[in-house]
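For reference, the structure discussed in these notes is given below.
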Amino acid sequence: MVTIADVARAAGVSPSTVSYVLSGKRAISDATRLRVQRSIRRLGYRPNAGARALAGKRTNVLALVAPLRADQNVPVVMRFVGATAARARDHDHDVLLLTADEGAEGLHRVAASALADALIVMDVEAGEPRVPVLRSLERPSVLIGVPDDVRDLTCVDLDFVAAGADCLAHLADLGHRRVALIGPSPAVYRRGTSYAGRFRRGFEQAAARRGVRAAVLACPPTYEGLRACLDGLPAGVTGLVVHNEAVLGPLLSELERRGARVPGDVSVLAVCPPDLAEAHAVPLTSVDIPADELGALAVDLAVRQLDGLGAPEVRLLPPRLTARGSTGPAT
DNA sequence: TAGAGATCTGGACGTGAAAT
DNA sequence: ATTTCACGTCCAGATCTCTA
């Protein structure tokens, strides 16, 4: 294994000088820099990550805490993971993915053992039990999601309250007077998952303002669960807002099977990433879940904190509603 | 030759394996 | 059982270079 000492010897300088040539954090004369760079190339030197973490007190690793639960839509979670990993590389960091539901103990473990420099936490609940721990950690953290108490926290998310309101408004503007929200599974609501509750609140508040009758149904991510949901819809519903990516495909199939045309008999508005909305015979009107943007923003804010910049803040991205073919005037 | 600025070096850090 | 060593970075301090 080629070490920094080998490079230093070959270039006739000390290991520190090689380090500064690599990091660019100190002025090094052109002659010395070129000599060191030539030695690095000639010997094929790559810094040892473990030694680098030891010396620099930085691992250049961001921990992404994304518990994978049965009631979650894994492909959507993976979009966040991909976006986070890609942006982390832009900042010369890698991502440590933690998918086990370890709660506060997991945060302690990662922070105390210096496995990562900062934590990005997903699947945030309204009364998030991990918040006190996050506040007490000596490492920066960013939540993708917004708990009720955001004191001293940095949070990013889609403005789900506005998203819920926009969905309702879109249907109301088309003349729909009876609508329903097909939401995530009952367990997601029971846990008080932040995004689900906020979307529902925005939806219901807007319905009250607009005088629209709105039902909310928690839908398990199974075909059977979906059918039960549709069977439980109040009579006369002409507009559906689906905040549950896993049942979008089954929903469209089941509506077709029941002879309900989209959007002729029922309008369908989805909350999902845009490519998912476009991947159906009838492209779905949707409010985007900007996973790429949110993942990148979370990384940017975490790195800013690591650099000693940036105060706690809550950054909510405004919803973007794209009308496609699945919503139309109420009949 | 003194002083200032530029450039470079030594040692500590944590942990486990190897040497004594 | 105890000591030494490896690994890379960064701070404090040493050394070099240039200018007046």
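All values below were derived from every heavy atom in this structure, side-chain atoms included, with hydrogens, water molecules and symmetry-related copies excluded. Keep in mind that what you see is a predicted model, and the values were worked out from it rather than measured. The sequence lines fix the lettering, A, B, ..., with proteins before strands; numbering per chain opens at 1.
- The interatomic distance linking Lys57(A) (NZ) with dG14(B) (C1') rounds to 7 Å, in whole Å.
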Worksheet entry | Steps toward side chain to side chain donor-acceptor pair (under 3.5 Å) verdict (Thr327(A), His170(A)) | CA-CA 9 Å; Thr327(A) 51; His170(A) 178 76; 2.9 Å; yes

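- In this structure, the CD1 atom of Ile4(A) is 14 Å from the C1' atom of dG11(B), given to the nearest Å.
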Practice prompt. Under the ring pair (Phe, Tyr, Trp, His ring centres under 6.0 Å) rule, what do His243(A) and Phe203(A) come out as? Steps first, then yes or no, please.
Written response: CA-CA 11 Å; His243(A) 190 194; Phe203(A) 180 79; over 10 Å; no

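- Atom CZ in Arg52(A) sits about 8 Å away from atom C1' in dG8(C), given to the nearest Å.
- In this structure, Asn60(A) places its CG atom 10 Å from P of dT9(C), rounding to the nearest Å.
- Counting heavy atoms from C-beta on, the side chains of Thr193(A) and Pro184(A) never come closer than 4.5 Å.
- Under the side chain to side chain donor-acceptor pair (under 3.5 Å) criterion, Arg41(A) pairs with no residue, sequence neighbours left out.
- Under the 4.5 Å side-chain heavy-atom criterion for Ile, Leu, Val, Met, Phe, Trp and Tyr, Phe199(A) and Val242(A) are members of distinct hydrophobic clusters.
- One can place CG of Leu43(A) at 16 Å from C1' of dC7(C), the figure rounded to the nearest angstrom.
- Counting only distance, with no hydrogens or angles, the side chain of Thr99(A) and the backbone of Leu68(A) share no donor-acceptor pair below 3.5 Å.
- One can place CZ of Arg58(A) at 13 Å from C1' of dC10(C), the figure rounded to the nearest angstrom.
- Across the protein-nucleic acid pair, Leu115(A) atom CG and dG14(B) atom C1' stand 14 Å apart, rounded to whole Å.
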Using a cutoff of under 3.5 Å, can you pull out all pairs of nitrogen or oxygen atoms linking the protein to nucleotides 7-9 of chain B, with atom names and distances?
{"from": "dC8(B)", "atom 1": "OP1", "to": "Ser29(A)", "atom 2": "OG", "distance (Å)": "3.0"}
{"from": "dC8(B)", "atom 1": "OP1", "to": "Thr32(A)", "atom 2": "OG1", "distance (Å)": "2.3"}
{"from": "dC8(B)", "atom 1": "OP2", "to": "Ser29(A)", "atom 2": "N", "distance (Å)": "3.2"}
{"from": "dC8(B)", "atom 1": "N4", "to": "Arg26(A)", "atom 2": "NH1", "distance (Å)": "2.5"}
{"from": "dT9(B)", "atom 1": "OP1", "to": "Ser14(A)", "atom 2": "N", "distance (Å)": "3.4"}
{"from": "dT9(B)", "atom 1": "OP2", "to": "Ser14(A)", "atom 2": "N", "distance (Å)": "2.8"}
{"from": "dT9(B)", "atom 1": "OP2", "to": "Ser14(A)", "atom 2": "OG", "distance (Å)": "2.9"}
{"from": "dT9(B)", "atom 1": "OP2", "to": "Thr17(A)", "atom 2": "OG1", "distance (Å)": "2.4"}
{"from": "dT9(B)", "atom 1": "O5'", "to": "Ser14(A)", "atom 2": "OG", "distance (Å)": "3.4"}

